[in-house]
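Lettering follows sequence order; numbering is per chain, from 1.
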Protein chains: 2
Amino acid sequence: MSSRSINSATVKITDVAAAAGVAPMTVSRVINTPERVSADTAQRVREAIERLGYVPNLIAGGLSSRRSRMIAAIVPTVASPMFSAPVQTFTDVLGEAGYHVMLGLSGYGQDGEDALIRAVLTRRPDGMLLTGASHSEAVRRLLRDAGVPVVEIWDTSDTPTDMLVGFDHAELGGAVADYFHAQGHTDFAVLAASDPRAAARREGFVRRVRQHGGHLVAERTLPAPSGIMDGRLALRDIAGDLGPRTALFGSSDNVAFGVITEAMRLGIAVPQRLAVCGFGDFEISRSSEPPFTTVSVDGAEMGRVAAANLLARMRGATVPHRVLVPFRIICRASA
Amino acid sequence: MSSRSINSATVKITDVAAAAGVAPMTVSRVINTPERVSADTAQRVREAIERLGYVPNLIAGGLSSRRSRMIAAIVPTVASPMFSAPVQTFTDVLGEAGYHVMLGLSGYGQDGEDALIRAVLTRRPDGMLLTGASHSEAVRRLLRDAGVPVVEIWDTSDTPTDMLVGFDHAELGGAVADYFHAQGHTDFAVLAASDPRAAARREGFVRRVRQHGGHLVAERTLPAPSGIMDGRLALRDIAGDLGPRTALFGSSDNVAFGVITEAMRLGIAVPQRLAVCGFGDFEISRSSEPPFTTVSVDGAEMGRVAAANLLARMRGATVPHRVLVPFRIICRASA
DNA sequence: TTGTAGGCGTTATCAG
DNA sequence: CTGATAACGCCTACAA
């Protein structure tokens with residue numbers, strides 16, 4: 001026997017079985033399908049489990065059953081509520097169904113995601129959550145070959161990899177332009193992070209502004225993810241281009257907060273000279289002074305639906321390939 | 001043969017071996033210890049892997065090698081930079097060493113953590129990161145029995161479960177009191193979330209205030225995790241108790257920002273009538289107007305050191321049982 | 001440097 | 001309801 005047995009303390013299913021006077025398979029049933037075991041057998045087995053301190057080995061179980069009971073979730077970052085909210089509910093819902101979620105942080109960049117997906121497939125996830133809807137063809141093939149159910153969130157596409165729960169960022173940007181237009185604005189500005197979804201929001205905004213015959217007085221690209229200071233610096237940068245009344249769309253609430261903060265410092269009246277709309281409905285949009293207008297997307301709900309669809313799919317049910325969740329403009333003091 | 005073979009498409013190591021004309025073990029070596037394989041054999045094997053689209057099965061590998069190459073990290077939440085920063089660097093460092101990190105979100109509560117640890121042990125992690133240093137005796141025994149290396153972060157203890165990389169919250173609170181005292185303050189207030197570490201910071205602060213003969217004019221417990229609005233409401237609540245010059249310590253930068261925001265609204269001059277110090281050195285402390293004084297702990301560094309120690313330990317090296325990382329007060333406009 | 005033998009701990013499957 | 005048997009796909013250990 002090998003030196004592995006140094007750690008001889010590890011209790012395995014056969015030990016429990018012996019202690020309870022049953023076959024290993026019965027112990028397995030007590031753990032996984034207790035309804036198929038008689039009450040007192042189950043009781044005896046549970047006592048043995050407790051007494052020996054048995055911790056089942058899901059690695060072995062997974063190899064045998066070909067189900068890892070693990071779902072991989074890949075998001076750019078969890079440092080933003082944008083992604084931490086859906087991840088949280090996604091994890092909760094799946095947890096209750098007996099799945100663990102393995103989180104992968106891809107950063108903002110194609111390469112990171114590709115490598116991560118490849119790496120995580122190595123653990124044979126039973127399902128997968130991906131952020132965004134544009135993935136390399138290599139990845140899509142990989143996922144298809146692996147036969148892993150996939151939910152994409154936070155974006156939309158006419159050709160989802162598999163299932164999708166998201167919304168249209170360009171449409172959202174357009175809605176913000178409409179909102180400003182309805183308030184009589186004719187001069188617009190937009191500050192957007194360089195990631196693909198922020199870019200889509202900006203493009204939707206700009207397109208609609210043009211359709212309304214509006215004038216785009218300033219447009220800047222910020223790093224992704226962008227923060228408060230990026231918003232402040234950007235406003236300082238474009239302050240000279242502002243007309244007597246400009247409507248600004250920021251790609252996140254952090255950016256919008258930075259803009260408002262800097263506007264106050266520069267003596268630019270919000271919303272009189274500068275109307276501001278953010279994105280995300282983060283805590284700060286609601287709790288800072290003044291609270292500011294933003295676009296809310298229910299990330300938590302997105303996570304829940306994504307989890308529910310994945311579960312349904314794994315149960316063999318048919319699931320809609322695309323679910324669009326609503327966004328709505330939350331009107332507060334800044335616009 | 002069973003119906004499992006329905007999914008006959010799955011390429012396994014034997015398929016690659018056959019295609020490359022070598023033994024399975026050689027393929028394994030090409031993947032895990034390429035330096036032990038001749039260059040051209042390796043080349044041939046890699047081509048076969050590529051051609052067949054082979055994705056190694058870590059579940060099988062893990063069962064066989066008794067190494068999951070997975071590290072479990074358990075933190076209360078990832079919605080706060082307090083924890084997302086160390087998690088990020090921890091994940092990065094371990095990722096480069098070939099480990100995946102499985103993140104568990106325990107919330108603020110003992111039960112959540114206990115259950116999570118139990119659940120995750122089921123996957124036989126090679127190591128584990130825990131937040132805080134006080135865990136139930138049951139959990140400590142479980143971890144010891146499992147023989148899993150454990151690093152605790154974000155707190156300190158005389159009796160770490162295994163390894164620890166953290167700091168002393170009470171001492172930190174004391175340092176803030178000293179800082180205020182050195183500025184001549186005699187009236188103090190403290191707002192602290194109800195989690196154990198925020199409570200420790202508060203206690204350290206209060207104790208030192210007393211030692212300095214200071215007067216504690218207000219003290220409130222906030223929900224955990226606490227946000228901007230909690231800070232605003234708390235300030236409104238205690239505004240009447242404030243003297244002509246009070247020094248307030250908030251348990252997080254969110255709370256401190258809320259306090260400052262509300263102070264401005266109420267016409268309480270910061271720092272003249274109300275000096276404020278937060279905790280965390282979050283982006284907002286630096287980027288809001290005015291930027292405010294806070295205590296910085298290098299969470300990213302903590303994550304890096306935790307990862308490095310875990311790796312060293314898994315390599316069999318001896319690792320210090322306790323590493324304390326420094327904190328420092330960042331003096332800005334609010335105090 | 002490469003190969004062979006056997007087992008890692010669990011569960012699917014089929015029989016009783 | 002319970003048990004016996006044979007995989008699951010890979011890697012450790014040892015041999016060549």
Under 3.5 Å, is there a donor-acceptor pair between the side chain of Arg322(B) and the main chain of Ser157(B)?
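Such a contact is found between Arg322(B) side chain and Ser157(B) backbone.
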Would you say [X] reaches [N]'s phosphate, i.e. side-chain N/O to OP1/OP2 under 4.0 Å?
X: Thr26(A); N: dG3(D); value: yes
X: Ser28(A); N: dT11(C); value: yes
X: Ser38(A); N: dT2(D); value: yes
X: Thr41(A); N: dC1(D); value: no
X: Asn57(A); N: dC8(C); value: no

Whole angstrom is fine here: how far is it from [atom1] in [X] over to [atom2] in [N]?
X: Leu63(B); N: dA7(D); atom1: CG; atom2: P; result: 17 Å
X: Lys12(A); N: dT11(C); atom1: NZ; atom2: C1'; result: 16 Å
X: Arg66(A); N: dC10(D); atom1: CZ; atom2: P; result: 10 Å
X: Arg67(A); N: dT10(C); atom1: CZ; atom2: C1'; result: 13 Å
X: Gln43(B); N: dT1(C); atom1: CD; atom2: C1'; result: 17 Å
X: Asp40(A); N: dT2(D); atom1: CG; atom2: P; result: 8 Å
X: Met25(B); N: dG7(C); atom1: CE; atom2: P; result: 17 Å
X: Arg44(B); N: dT1(C); atom1: CZ; atom2: P; result: 15 Å

Among the candidates dG3(D), dC11(D), dT11(C), find the nucleotide nearest to the side-chain atoms of Val22(A).
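Shortest atom-to-atom distance from the side chain points to dG3(D).
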Residue Tyr54(B), side-chain heavy atoms: nucleotide from dC11(D), dC10(D), dC14(D) that is nearest
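For Tyr54(B), the side-chain atoms sit closest to dC10(D).
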Within the modelled atom types, does a donor on one side and an acceptor on the other bring the side chain of Arg124(B) and the base of dG9(C) under 3.5 Å apart?
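Counting by modelled atom types and ignoring angles, no donor-acceptor contact under 3.5 Å is found here.
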On the side chain of Ser64(B), is there an atom forming a donor-acceptor pair with the base of dG7(C) - under 3.5 Å, no angle test?
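Result: at least one qualifying N/O pair found.
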Decide yes or no for Leu130(A) and Val150(A): does some side-chain heavy atom of the first lie under 4.5 Å from some side-chain heavy atom of the second?
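SC-SC contact between Leu130(A) and Val150(A) confirmed.
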Would you mind classifying the nucleic acid contact of Ala60(A) as base, sugar-phosphate or nothing, using non-hydrogen atoms under 4.0 angstrom?
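The answer is base, as Ala60(A) lies within the cut-off (heavy atoms under 4.0 Å) of a base atom.
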For Arg29(B) and Val55(B), find the nucleotide of DNA chain D closest to each by heavy atoms; which residue's nucleotide sits nearer the 5' end?
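The 5'-side residue here is Val55(B).
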Taking atom types as modelled, is there a side-chain donor on Arg197(A) or Tyr108(A) under 3.5 Å from an acceptor on the other?
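Judged by distance alone, the side chains do not pair up.
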Under 3.5 Å, is there a donor-acceptor pair between the Thr41(A) and Ser38(A) side chains?
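Short answer, yes.
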Using 4.0 Å as the upper bound for N to carboxylate O, is an ion pair formed by Arg304(A) and Glu301(A)?
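Result for this pair is yes, salt bridge flagged.
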